[in-house]
**Student:** 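Can you read through this structure? Questions will come right after.
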Amino acid sequence: MNRLLNQLGVSDQFKISAILKVEELADHDMIYVYHHLEEGKLIELRFSDHNVKGESRFKVFYQEFFLGVVTLSGIIGSFYHDEKLITAEIAGLSKEKYFPLKALDIRLGINAYKKVG
């Protein structure tokens with residue numbers, strides 16, 4: 001990530017964030033945690049594999065419960081190219097009482113500061 005920031009010639013403080021949709025929502029673990037999920041809660045992305053386009057795919061976990069899969073592409077994917085573990089937060093979700101989630105969105109951000117000296 002630092003190599004990419006140096007190539008871009010970013011300002012003293014650089015921030016970027018993206019809202020990503022979690023795909024392939026997993027019903028088998030969701031029944032145990034869907035009532036705990038809310039906006040702002042931290043989740044963990046663990047590297048899984050690359051798709052046919054070469055984009056990184058990460059499994060999404062809340063604590064140790066598998067929620068689904070997210071693909072990092074474009075500029076966000078380039079910042080996290082070699083990462084194996086990423087922390088993100090829940091940005092939005094769609095659910096009905098007593099039913100599993102219909103949709104889950106996460107916010108993934110990058111903050112970088114230039115060293116002066």
Side-chain angles (χ1 to χ4, degrees):
M1 181 166 83
N2 290 332
R3 181 174 42 91
L4 183 59
L5 289 172
N6 290 335
Q7 289 174 350
L8 291 174
V10 297
S11 67
D12 291 342
Q13 184 179 359
F14 175 77
K15 290 183 183 182
I16 187 172
S17 68
I19 305 293
L20 306 168
K21 180 179 180 164
V22 177
E23 303 161 344
E24 303 172 27
L25 290 175
D27 291 335
H28 54 85
D29 277 357
M30 191 70 71
I31 61 173
Y32 302 110
V33 294
Y34 75 93
H35 54 283
H36 293 290
L37 301 177
E38 58 188 40
E39 289 183 24
K41 291 267 183 144
L42 295 180
I43 55 170
E44 194 172 86
L45 307 179
R46 299 176 190 166
F47 179 77
S48 174
D49 58 8
H50 291 95
N51 64 12
V52 294
K53 295 180 183 178
E55 300 165 335
S56 299
R57 291 176 45 91
F58 287 82
K59 291 182 178 180
V60 179
F61 288 87
Y62 174 73
Q63 297 173 352
E64 289 300 316
F65 296 97
F66 175 67
L67 303 179
V69 178
V70 68
T71 302
L72 301 185
S73 60
I75 187 115
I76 292 292
S78 61
F79 279 110
Y80 290 104
H81 178 69
D82 293 327
E83 298 294 325
K84 301 297 181 204
L85 186 65
I86 303 169
T87 301
E89 70 177 17
I90 296 175
L93 47 100
S94 173
K95 65 180 179 178
E96 293 179 31
K97 194 171 186 176
Y98 305 118
F99 290 101
L101 294 182
K102 292 182 180 179
L104 177 63
D105 296 327
I106 63 171
R107 177 177 294 111
L108 187 59
I110 300 160
N111 289 330
Y113 300 95
K114 256 189 190 175
K115 292 182 181 176
V116 179

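Just so it is clear, the structure is predicted and the values come from calculations on it, not from any experiment.
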**Student:** Could you state the interatomic distance from CD1 (I43) to CZ (F61), rounded to the nearest 0.5 Å?
**Tutor:**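 Nearest 0.5 Å value for the CD1-CZ distance: 11.0 Å.
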**Student:** Would a 4.5 Å heavy-atom cut-off, applied to side chains only, mark I86 and F58 as touching?
**Tutor:** yes
**Student:** Salt bridge or not for R57 and E24, using N-O below 4.0 Å?
**Tutor:** yes
**Student:** Could you grab the distance from atom CZ of F65 to atom NE2 of H36, nearest 0.5 Å is fine?
**Tutor:**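 Nearest 0.5 Å value for the CZ-NE2 distance: 8.0 Å.
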**Student:** With side chains defined as the heavy atoms from C-beta onward, is the minimum distance between K21 and L104 less than 4.5 Å?
**Tutor:** no
**Student:** Given the rule that I, L, V, M, F, W and Y join up when any side-chain heavy atoms are under 4.5 Å apart, are V33 and L45 in one cluster?
**Tutor:** yes
**Student:** Roughly how far apart are S73 OG and I75 CD1, rounded to 0.5 Å?
**Tutor:**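 So the gap between those two atoms works out to 11.0 Å.
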**Student:** In the structure I gave you, are the side-chain heavy atoms of V70 and L108 within less than 4.5 Å of one another anywhere?
**Tutor:** no
**Student:** I'd like to know whether NZ of K41 has more than 12 heavy-atom contacts from other residues, nucleotides or ligands below 6.0 angstrom.
**Tutor:** yes
**Student:** Does the pair K84 and E44 meet the rule for a salt bridge (charged side-chain N to carboxylate O under 4.0 Å, His left out), with working shown?
**Tutor:** CA-CA 10 Å; K84 301 297 181 204; E44 194 172 86; over 6 Å; no
**Student:** Do you know the tightest heavy-atom contact between G109 and Y80?
**Tutor:**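 Here G109 and Y80 meet closest at O-OH, 2.7 Å.
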**Student:** Measuring from atom CG of L101 to atom NE2 of H35, what distance do you get when rounded to the nearest 0.5 angstrom?
**Tutor:**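 If I round to the nearest 0.5 Å, the distance is 11.5 Å.
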**Student:** Is Y62 reachable from L93 through a run of hydrophobic residues whose side-chain heavy atoms are each under 4.5 Å from the next?
**Tutor:**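 Same cluster.
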**Student:** How long is the straight-line distance from OG1 of T87 back to CD1 of I106, given to the nearest 0.5 Å?
**Tutor:** 10.5 Å
**Student:** To the nearest 0.5 Å, how far apart are CZ in R107 and CD1 in I90?
**Tutor:**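 Output value for this atom pair is 11.0 Å.
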**Student:** I want to check something: taking the side chain as every heavy atom from C-beta on, are L37 and L67 in contact at a cut-off of under 4.5 Å?
**Tutor:** yes
**Student:** Please report the shortest heavy-atom distance between V22 and G68, naming the atom on each side.
**Tutor:** CG1-CA, 3.8 Å
**Student:** Measure the shortest side-chain to side-chain distance between K59 and F47 over non-hydrogen atoms and say whether it is less than 4.5 angstrom.
**Tutor:**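 No - every pair of side-chain heavy atoms lies 4.5 Å or more apart.
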**Student:** Which pair of heavy atoms, one from T71 and one from E23, lies closest together, and at what distance?
**Tutor:** OG1-OE1, 3.7 Å
**Student:** Nearest heavy-atom pair of I19 and A91: which atoms, and what distance?
**Tutor:**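 Reported closest heavy-atom pair: CD1-CB, 3.7 Å.
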